[in-house]
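Remarks on the structure that follows.
Naming convention: chains lettered A, B, ... in sequence-line order (proteins, then strands); numbering from 1 in each chain.
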There are 2 protein chains.
Amino acid sequence: MKTPVRARGKSFVSAQQVAERAGVSRSAVSRTFTDGASVSPATRKRVLEAAEALGYHVNHLARGLIHDSSNIVCVIGTDIATPHQSRMIDALTRHLQAAQKVAMLINTSGESAAVEAALRQALHYRADATIVLSGQPAASLIETCLNNGQHVILVNRDDPVPGPETVVVTNRTAARQAFDMLRRAGCQKFAVVTSTVGTASLVARETAFLEAARSAQFDASVIRLGPTAYASGAEAARQVLVSTSRPDGVFCVTDLLACGFLDVARTEFGLVVPDEVCVVGFDDIEQAGWSSYQLTTFRQPVDQIADHVVGLLHHQPAVHTIQPPTRFSAEPVWRKTVRPR
Amino acid sequence: MKTPVRARGKSFVSAQQVAERAGVSRSAVSRTFTDGASVSPATRKRVLEAAEALGYHVNHLARGLIHDSSNIVCVIGTDIATPHQSRMIDALTRHLQAAQKVAMLINTSGESAAVEAALRQALHYRADATIVLSGQPAASLIETCLNNGQHVILVNRDDPVPGPETVVVTNRTAARQAFDMLRRAGCQKFAVVTSTVGTASLVARETAFLEAARSAQFDASVIRLGPTAYASGAEAARQVLVSTSRPDGVFCVTDLLACGFLDVARTEFGLVVPDEVCVVGFDDIEQAGWSSYQLTTFRQPVDQIADHVVGLLHHQPAVHTIQPPTRFSAEPVWRKTVRPR
DNA sequence: GAGAATCTTGCACGCCTGTGCAGGACCGTC
DNA sequence: GACGGTCCTGCACAGGCGTGCAAGATTCTC
């Protein structure tokens, strides 16, 4: 007796069963579902009817076993519940789906051992590519992907290793522009609010702002606290606004920090924005546009980035070459937390 | 010699190659990576060394071809950039990873044809289960999953079809409680703000609130506008607050709506909350706790839900039975948009 | 030291698909 | 009617893996 172990009743249908029902060979079934294969209209019709009746779908696991492409793309992200990250994931998954790919999402926020296991897990599915969203996933994870021959795409990171392609936003230009905006608004005392998370983008924004201030003969202080979150921005405001010589021009490297900073400045210190203190953020998350904030900030072209990243999947990159990053410009969005000049 | 030979950029390393290098049969390699298989310590060691040197990992595609379990779980969500949804996905992916599963994320926000294609795509990977997050994915999608013998888990939905398991939050109880809170705060004229999206949860909250009002001999109006978003809440406020007999007790079926409503009430109408108008939300998104809002709302126990859902994956459900939903209670979070009694 | 018991190991098959190859059916032409 | 050409179709193999089975190796028992 050759009957498969279909006893559990609800197992999946295979091409073999469709072939038997349609009275053709399994090859005919396979060709019916393969683009450009040669099948006569008559058999094609019979196969399709049998497939429909049995509820057959080709098994992508087996198909991926043969082709070198599994159509799976691995997306690695930290803090994925954050407004900016979730918007990025939203855009990415939409574009991936439009390109007939499917996203495996790896959340690197958890315990690092579990993360490593999950990544390993995903890699073993022979993903076509791995997209690493900004954040602090250790460089060793990227190394792992590269060693497995993965096509790696880095977003808003700055790892000068050969292999991966990189997409970044013009952090430094924007940060310099942020200083100019504050300077022209008449600010005299500057501060940059950032977190203890040393992400490449965040560091770039911080240092570029400081350099701009220095080269304009101004001093600027740095407040570096906790994670890149609302609470850190709030705490930063509490620490820096008590001083008698408080800053009047503040650059928060993230909108989330800026929201926290603004709330404390207004609620706990009764400051009027932008009259007494000007604030510039970064990312242009949805909340920046809410009327409680009306935050002047820089927009990350999330949709364009996602589109470009997915486009990158088509051509295999040259290995062992340091790829120059593709840059997308972060444009200022003028709202109401900086005085117009 | 420690350099991975993957440099050729060719295909992945197979168990065959490891076997040759280790001087054993392919079976020995397979058994080395299979729990509970019988391998002598000596050969196991040689296999592991060869695997390490070659950078070998078992191919989960092939493994999933044999076992009936692929360890892939399909997560379907709408509006995944939303604070509540993204937090749900964050929790789910973390718990899935801890359970050695990996998440395939399907974004159903896009064009419906593309969505159908993406879901079909994911199904073909023989996912162990499909988790449907609240939203309006058509019931036909769920039908498709069920027909394919999928283990379907519905979160905050209310489809009375046999097969799927369901997890919900106590929407009706919470909505009644919301009415009580507003009533005890002395409100006289009630309104519920909702969207044109007829999600089961949203409808349940709305109707339960209206019933509670009616049975207490109060009238309550309904403002139903656009998508479930900040802008809709804002627009609702604009429409309802112009009237001379404006409501003073408002239940927004979502925190996002509540934030929009609050901002317009304060900014455009100069109303003082909670003195002139009380507002209750639902979800307890992060922004509800920000000092600009301090929104009184109901907390969805996201982490508990995720934990329970992942636990559900272990036992195969009885098919063709309508499963009674598992209920998680949404507890009130008192902040400052409702007067204390 | 012989036989029994246990542990290892390789062989071969199966999972589900795509595809080169060769043979067969069919058509048109002379 | 023969023949060359085109179009289908089935066979058989490949792809990477898990596993039952039986043979070989090792250990144990008396």
Self-check item: Phosphate-side-chain proximity, S40(A) and dC7(D), N/O vs OP1/OP2 below 4.0 Å
Solution: no
Quiz prompt | Protein-nucleotide distance (Q16(B), atom CD; dC17(D), atom C1'), rounded to Å | solution = 11 Å
Quiz prompt | Distance-only donor-acceptor test (3.5 Å): side chain R31(A), base dG10(D) | solution = yes
Quiz item: How many Å lie between CD1 on I66(B) and P on dT19(D), as a whole number?
Solution: 7 Å
Quiz prompt | Spacing of H67(B) atom NE2 relative to dC16(C) atom C1', expressed in whole Å | solution = 15 Å
Quiz item: Just by modelled atom types, is the V73(A) backbone N or O under 3.5 Å from a matching donor or acceptor in the D128(A) side chain?
Solution: no
Practice problem: Round to a whole Å and report the spacing from NE2 of H57(A) to C1' of dG18(C). | Solution: 19 Å
Quiz item: Would one find a side-chain N or O of R63(A) under 4.0 angstrom from OP1 or OP2 of dG18(C)?
Solution: yes
Practice problem: Check R157(B), M88(B), H84(B) against L133(B) for a side chain to side chain contact (heavy atoms under 4.5 Å, CB included) and give me the one that passes. | Solution: M88(B)
Quiz item: Which word best sums up how the rings of H124(A) and H57(B) line up, parallel for under 30°, tilted for 30 to 60°, or perpendicular for over 60°?
Solution: parallel
Exercise. Tell me, with the steps shown, if Y56(B) and F33(B) meet ring pair (Phe, Tyr, Trp, His ring centres under 6.0 Å).
Key: CA-CA 11 Å; Y56(B) 168 77; F33(B) 291 98; 5.4 Å; yes
Quiz item: With a non-hydrogen cut-off below 4.0 angstrom, is V39(B) in contact with a base, only sugar-phosphate, or nothing?
Solution: sugar-phosphate
Practice problem: Kindly say if Y125(B) contacts the phosphate of dC16(C), meaning a side-chain N or O under 4.0 Å from OP1 or OP2. | Solution: no
Quiz item: Side chain of S27(B), base of dC11(C): donor and acceptor closer than 3.5 Å?
Solution: yes
Exercise. Among the candidates dC7(D), dG18(C), dG16(D), find the nucleotide nearest to the side-chain atoms of S30(A).
Key: dG18(C)
Quiz item: How many Å lie between CZ on R44(B) and P on dC7(C), as a whole number?
Solution: 15 Å
Quiz item: How long is the line joining CZ of F12(A) and P of dG14(C), in whole Å?
Solution: 22 Å
Practice problem: Look at all strands and tell whether S14(B) reaches a base, only sugar-phosphate, or nothing, counting heavy atoms closer than 4.0 Å. | Solution: sugar-phosphate
Self-check item: Atom pair distance, as rounded to whole Å: CZ in R126(A) and P in dG15(D)
Solution: 14 Å
Exercise. Go through the N and O atoms of the side chain of R26(A) and the base of dG18(C), and report whether any donor-acceptor pair is under 3.5 Å.
Key: yes
Exercise. Could you check D303(A) against H95(A) for side chain to side chain contact (heavy atoms under 4.5 Å, CB included), going step by step and ending with a plain yes or no?
Key: CA-CA 9 Å; D303(A) 216 59; H95(A) 281 88; 3.5 Å; yes
Quiz item: Hey, does V58(A) reach any base, or is it just sugar-phosphate, or nothing, if we go heavy atoms under 4.0 Å?
Solution: sugar-phosphate
Self-check item: Side-chain donor or acceptor of T108(A) paired with backbone N/O of G77(A) under 3.5 Å
Solution: yes
Exercise. Rounded to the nearest angstrom, tell me the gap between atom CG in L65(A) and atom C1' in dA14(D).
Key: 10 Å
Exercise. Would you mind classifying the nucleic acid contact of H60(B) as base, sugar-phosphate or nothing, using non-hydrogen atoms under 4.0 angstrom?
Key: nothing
Quiz item: Which residue lies toward the 5' end of DNA chain C, A62(B) or A28(B), if each is placed at its nearest nucleotide?
Solution: A28(B)
Practice problem: Remember a base hit wins even if backbone is also touched, and classify T34(A) as base, sugar-phosphate or nothing at under 4.0 Å, heavy atoms. | Solution: sugar-phosphate
Self-check item: T43(A) side-chain N/O to dT9(D) phosphate OP1/OP2 under 4.0 Å
Solution: yes
